[in-house]
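Quick notes on the structure that follows.
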Amino acid sequence: MHTLDLETFQWIQCSKLVKGTTPSARTLGRDLAADDKNVYCLDVDSLTWTRLAIPDAPHNPPTLQGHVTIILHPVSKDEPVLILHSGTSNQDPTCTLACVWVLDLTLSVWSVHEGGPARTGHCATRVAADTALVVGGMERGGRNVGDVKVCDDVWKMRVVKEGKGDGSAGWRVEWSRVEVLLGLSGPGGEVGDAGIVGAIDASACAVSSKVSLAQLDGGVDAVDNDGVATAAEGITKLLFAADEDGSEPSTEQEKDEEQEAGPRAVVYFGGMDLTRVTNAVRVLTSL
């Protein structure tokens, strides 16, 4: 395990400092997922791993790979839930699942919710206390390349608390599709990559800081078409302009207000399709 010092931008090897019940080594791309259904929590201050005590139940997730996990706070900051979406299971590695599992971290209980887009090798990022954006990935229908469909759609997944006590354990999952307004290709990225969100194993993060977003303005230089470049520059300045004083939110109240307002865009980077890897940066602005 490595940590990145954000002041010196140096990576630190800290595997020998880690304590507790450490999860087994694992990676993505094998035919079968690691045979471990446990959930592990890392205390980043003490570098201590803990295996959560979660009762066995029929609606617990199977062993998976290619899934995504994210923490949401649908009720309050003090009641987090862990969201696990789709992937493929050892029961049938060629079948892409369309399920959401919600782990109530207060009760240590899983619930399962079928429906939504079937996806593996995708990414997700939090865009509100109760909402995540799901982007890219693929759908597998067999072991051959021809059985794989690269997904180019974007979805919002909202988790809502309700009063049922069955396998849904008091949660409801709502899906809505999102349209992409603009993509900015990064250095070295092809112009055709700019509006493409169909990618496997890409990365995404939500950005709410105006100053951080303003730094993405240089991405328009990679667009060759004058009309597209002009439109991109105009939208970039409109959406990503820095505050007049060019400062980040300073007080806790300002930070809370910005957090409540949600991100202004999602930055979606890299990934691959069935033939090549791309380093394009796409900015999703229709949130």
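Along the sequence shown, residues are numbered consecutively beginning with 1.
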Show the nearest heavy-atom pair for residues [X] and [Y], with the distance to one decimal.
| X | Y | result |
| --- | --- | --- |
| Gly116 | Ala98 | O-CB, 3.5 Å |
| Asp92 | Thr94 | OD1-OG1, 2.7 Å |
| Leu52 | Cys41 | CD2-CB, 4.1 Å |
| Thr120 | Thr96 | N-CG2, 3.8 Å |
| Asp36 | Thr63 | N-CG2, 3.6 Å |
| Trp101 | Pro61 | NE1-CA, 3.4 Å |

Shared hydrophobic cluster for [X] and [Y] (ILVMFWY, side-chain gaps under 4.5 Å):
| X | Y | result |
| --- | --- | --- |
| Val68 | Leu97 | no |
| Val160 | Leu133 | no |
| Val159 | Ile70 | yes |

Rounded to the nearest 0.5 Å, what's the gap from [atom1] on [X] to [atom2] on [Y]? Could you check?
| X | Y | atom1 | atom2 | result |
| --- | --- | --- | --- | --- |
| Ser15 | Met1 | OG | CE | 6.5 Å |
| Thr3 | Gln10 | OG1 | CD | 11.0 Å |
| Ile54 | Arg51 | CD1 | CZ | 10.5 Å |
| Cys99 | Leu64 | SG | CG | 9.0 Å |
| Asp56 | His59 | CG | NE2 | 10.0 Å |
| Lys156 | Thr131 | NZ | OG1 | 6.5 Å |

Would you call [X] and [Y] a side-chain contact if the rule is heavy atoms closer than 4.5 Å?
| X | Y | value |
| --- | --- | --- |
| Cys151 | His122 | no |
| Pro74 | Trp171 | yes |
| Met157 | Ile83 | yes |
| Gln65 | Thr88 | yes |
| Thr69 | Leu82 | yes |
| Ile71 | Leu105 | yes |
| Val18 | Thr22 | yes |
| Trp11 | Asp5 | no |

Under the ring pair (Phe, Tyr, Trp, His ring centres under 6.0 Å) test, which residues partner Trp175, sequence neighbours left out?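 Ring pair (Phe, Tyr, Trp, His ring centres under 6.0 Å) list for Trp175, sorted by chain: His85.
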For the pair Arg177 and Asp153, evaluate side chain to side chain contact (heavy atoms under 4.5 Å, CB included) and give the outcome as yes or no after the intermediate values. CA-CA 8 Å; Arg177 188 164 177 174; Asp153 47 357; 3.4 Å; yes
Of Val134, Val173, Leu84, the residue whose pairing with Val100 passes side-chain contact (heavy atoms from CB on, under 4.5 Å): Val173
Which residues satisfy the side chain to side chain donor-acceptor pair (under 3.5 Å) test with Thr21, sequence neighbours excluded? none
Side chain to side chain donor-acceptor pair (under 3.5 Å) partners of Glu79, counting only residues at least two apart: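 If we apply the side chain to side chain donor-acceptor pair (under 3.5 Å) test to Glu79, skipping adjacent residues, the hits are Ser76.
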Stepwise side chain to side chain contact (heavy atoms under 4.5 Å, CB included) check, Val150 with Ile200: CA-CA 7 Å; Val150 179; Ile200 306 166; 4.0 Å; yes
Hey, are Ser176 and Glu174 close enough side-chain-wise for a donor-acceptor pair under 3.5 Å?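 There is no such pair (donor and acceptor under 3.5 Å, judged by atom type) between the side chains of Glu174 and Ser176.
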Exam field: side chain Asp152 to backbone Gly137, donor-acceptor pair closer than 3.5 Å: no
Take a 6.0 Å sphere around CD of Gln13 and say whether it holds more than 12 heavy atoms from other residues, nucleotides or ligands.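 Yes - once you tally the heavy atoms of other residues, nucleotides and ligands closer than 6.0 Å, there are more than 12.
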With side chain to side chain contact (heavy atoms under 4.5 Å, CB included) as the test, would you mind laying out the steps for Leu72 and Arg126 before giving the verdict? CA-CA 7 Å; Leu72 295 179; Arg126 177 188 182 277; 3.7 Å; yes
Give the intermediate values and the outcome of side chain to side chain contact (heavy atoms under 4.5 Å, CB included) for residues Cys14 and Leu47. CA-CA 9 Å; Cys14 53; Leu47 293 181; 4.1 Å; yes
